[in-house]
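Scroll down for the structure; my scribbles are underneath it.
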There are 2 protein chains.
Amino acid sequence: MQKPFQINRAYKEVQQITVAVDCLIFGFNDGNLELLLVSRSFEPERDRWSLIGGFVHNDEDLDDAAHRVLTELTGLDDVYMEQVRAFGKAKRDPYERVISVTYSALVLKKDYNDELVKSYKAEWFPIDNLPELIFDHKEMIDAAMKRLRRRVKSGPVGFNLLPEKFTLPQLQKLYEAILGEEIDKRNFRKKLNSMDFLIKLNEKDKTESKKGAYLYKFDEDKYNYVKNFNI
Amino acid sequence: MQKPFQINRAYKEVQQITVAVDCLIFGFNDGNLELLLVSRSFEPERDRWSLIGGFVHNDEDLDDAAHRVLTELTGLDDVYMEQVRAFGKAKRDPYERVISVTYSALVLKKDYNDELVKSYKAEWFPIDNLPELIFDHKEMIDAAMKRLRRRVKSGPVGFNLLPEKFTLPQLQKLYEAILGEEIDKRNFRKKLNSMDFLIKLNEKDKTESKKGAYLYKFDEDKYNYVKNFNI
DNA sequence: ATATAATAGTGTTCAGTTTACACTTTTAAA
DNA sequence: TTTAAAAGTGTAAACTGAACACTATTATAT
């Protein structure tokens, strides 16, 4: 019989591993769901597209590391972010052993620091037209998209991709972009209405149509009374 | 403006961190959903209950590390296992910085090596009557349970907790144990029937009732034709 | 041998939810 | 003043989920 595994657990005898975070930064720009990617400015794999990532410091919470990396790139501070999962194949990065934990962030284009983004050679790509990516980053994106689709149906997560005031056509386009399918306008509105957490404002947005669409805002308090969010 | 983050990415200048896997080993024993826990045989926190865990080796896939740890404890080889997520608070283990990736495993009591389990001072606990656990292990369990509940409704995952041949009352009890709620017998069977991936055998199991219940097995091929598994 | 008790097995109805579907309104621009 | 583009609005049919009660079988006890 093998020796009890715990023997390996004697502290300080254990191999340590480089741990990274990779951030999937989603934005909803001009009606498209987009992802912010960077062109690597260092070897190996210089000039290839990659998710934005960084290493986890020893005294730093994993979640904090992800926020730090996001802030360094975008200047954004207060962003909705969730862990997706850890990617840990021994050879996923062929140059060095790195375990990477991915995070999915939803950001508002207008809020982030454009200068910063440009200085990193970062670019937005529509989610259905991504360039080739290094390592297992495509797999990370697939996992995050799957998760986003699930989350967005069961909670008011998508609202993080819209400004405080938004129109129903915008909201619908956002859902269509995330889910990758068309939604019936009347059914969509009926559902939103029944959940009763949108506040209709006395203002119209006329930038996207001649008629103009009423602006709404999200009522966080009321949302808490909604038992089953379900779109 | 800060320097580009990539500067930190120069390989070999980066802090390394101890990475562990912790396994949530679920079993369905005597009608209860149970979790296998070990009493720590080493300091710190000796004799307190914990998930079974181990450290990730440098040349080892994360998933493989989880399987290795599971095999060391149970002798089981071919087990359904999924990553839950990474837990990475800097102080989650107060003795040393350890990032832990949790995995959820569904095992069959009859298959595992009882001797091995005993030699580790491991014990099964019903999921609704767990002892106090070290560190953030309770939080890990909560996350894994939430995930299990979701997964079991949307795919034939629960079948990994039953032997190859099982009765419908057993299957129902399993779902009730996982979901923590009673299910109507007729509705449950109706749903299973409509999805058409169970094969009724010409055998009865008489160990659990006088009348005896028909045995069924799961038809993996047919499952692939089921578009929407949904219980 | 008969009665009992425990579990297996089986359909229908009602309510709620989801889906499909088409026309009117508004207004900027031609 | 016409046109074109997008906003806004309700109803009917199909489907899905939930509630609900009795009969069948047989080991065990009397």
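We name chains A, B, ... by the order of the sequence lines, and we start the count at 1 in each one.
- Distance B:Tyr214 OH to C:dG9 P: 8 Å, rounded to the nearest Å.
- Between the CD atom of A:Glu208 and the P atom of C:dA28 there is a distance of 16 Å, rounded to whole Å.
- Counting to the nearest Å, the C1' atom of D:dT16 and the CG atom of B:Asn228 are 12 Å from each other.
- Not a single ring pair (Phe, Tyr, Trp, His ring centres under 6.0 Å) links A:Tyr214 to another residue, sequence neighbours left out.
- Between A:Ala213 and B:Lys211, the residue anchored nearer the 5' end of DNA chain D, judged by the nucleotide with its closest heavy atom, is A:Ala213.
- One can place CD1 of B:Ile183 at 13 Å from P of D:dG17, the figure rounded to the nearest angstrom.
- A:Ser100 and A:Asp22 share a donor-acceptor pair across their side chains, judged by distance under 3.5 Å alone.
- Atom CD in B:Glu182 sits roughly 14 Å away from atom P in D:dA18 (whole-Å rounding).
- Note: CZ (A:Phe166) to P (D:dA7) measures 15 Å, nearest angstrom.
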So which protein nitrogen or oxygen atoms get under 3.5 Å of nucleotides 9-12 of chain D's nitrogens or oxygens?
{"from": "D:dT11", "atom 1": "O4", "to": "A:Lys190", "atom 2": "NZ", "distance (Å)": "3.1"}

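- Straight-line distance from the CZ atom of A:Phe188 to the P atom of C:dA20: 16 Å, rounded to whole Å.
- No donor-acceptor pair under 3.5 Å is formed between the side chain of A:Asn32 and the backbone N or O of A:Glu34.
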Could you pull out every donor-acceptor pair under 3.5 Å between side chains of residues 179-192 of chain A and any protein atom, sequence neighbours left out?
{"from": "A:Asp184", "atom 1": "OD1", "to": "A:Arg186", "atom 2": "N", "distance (Å)": "3.0"}
{"from": "A:Asp184", "atom 1": "OD1", "to": "A:Asn187", "atom 2": "N", "distance (Å)": "2.9"}
{"from": "A:Asn187", "atom 1": "OD1", "to": "A:Lys190", "atom 2": "NZ", "distance (Å)": "3.4"}

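- A salt bridge is defined here as a Lys NZ or Arg NE, NH1 or NH2 lying under 4.0 Å from an Asp or Glu carboxylate O, and A:Lys165 with A:Asp205 fails to meet this definition.
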Which pairs of donor and acceptor atoms, one on a side chain in residues 218-231 of chain B, lie under 3.5 Å apart (sequence neighbours left out)?
{"from": "B:Asp219", "atom 1": "OD1", "to": "B:Asp221", "atom 2": "N", "distance (Å)": "3.0"}
{"from": "B:Asp219", "atom 1": "OD1", "to": "B:Lys222", "atom 2": "N", "distance (Å)": "3.0"}
{"from": "B:Asn224", "atom 1": "ND2", "to": "B:Glu220", "atom 2": "O", "distance (Å)": "3.3"}

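- Among the heavy atoms of the strands lying under 4.0 Å from A:Asn230 are primed sugar atoms or P, OP1, OP2 only; no base atom is included.
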Any N/O pairs under 3.5 Å between the protein and nucleotides 27-30 of chain D? List them or say none.
{"from": "D:dA27", "atom 1": "OP1", "to": "B:Lys206", "atom 2": "NZ", "distance (Å)": "3.2"}

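- Classification of A:Asp136 and A:Arg92 as a salt-bridged pair holds, one side-chain N sitting under 4.0 Å from a carboxylate O.
- A donor-acceptor pair under 3.5 Å is absent between the side-chain atoms of B:Ser39 and the main chain of B:Trp49, judged by distance alone.
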Do any side-chain atoms of residues 139-146 of chain B form donor-acceptor pairs under 3.5 angstrom with protein atoms, and if so which ones, sequence neighbours left out?
{"from": "B:Asp142", "atom 1": "OD1", "to": "B:Lys138", "atom 2": "NZ", "distance (Å)": "2.9"}

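- Computed from coordinates, the A:Leu198 CG to D:dA7 P distance equals 16 Å when rounded to whole Å.
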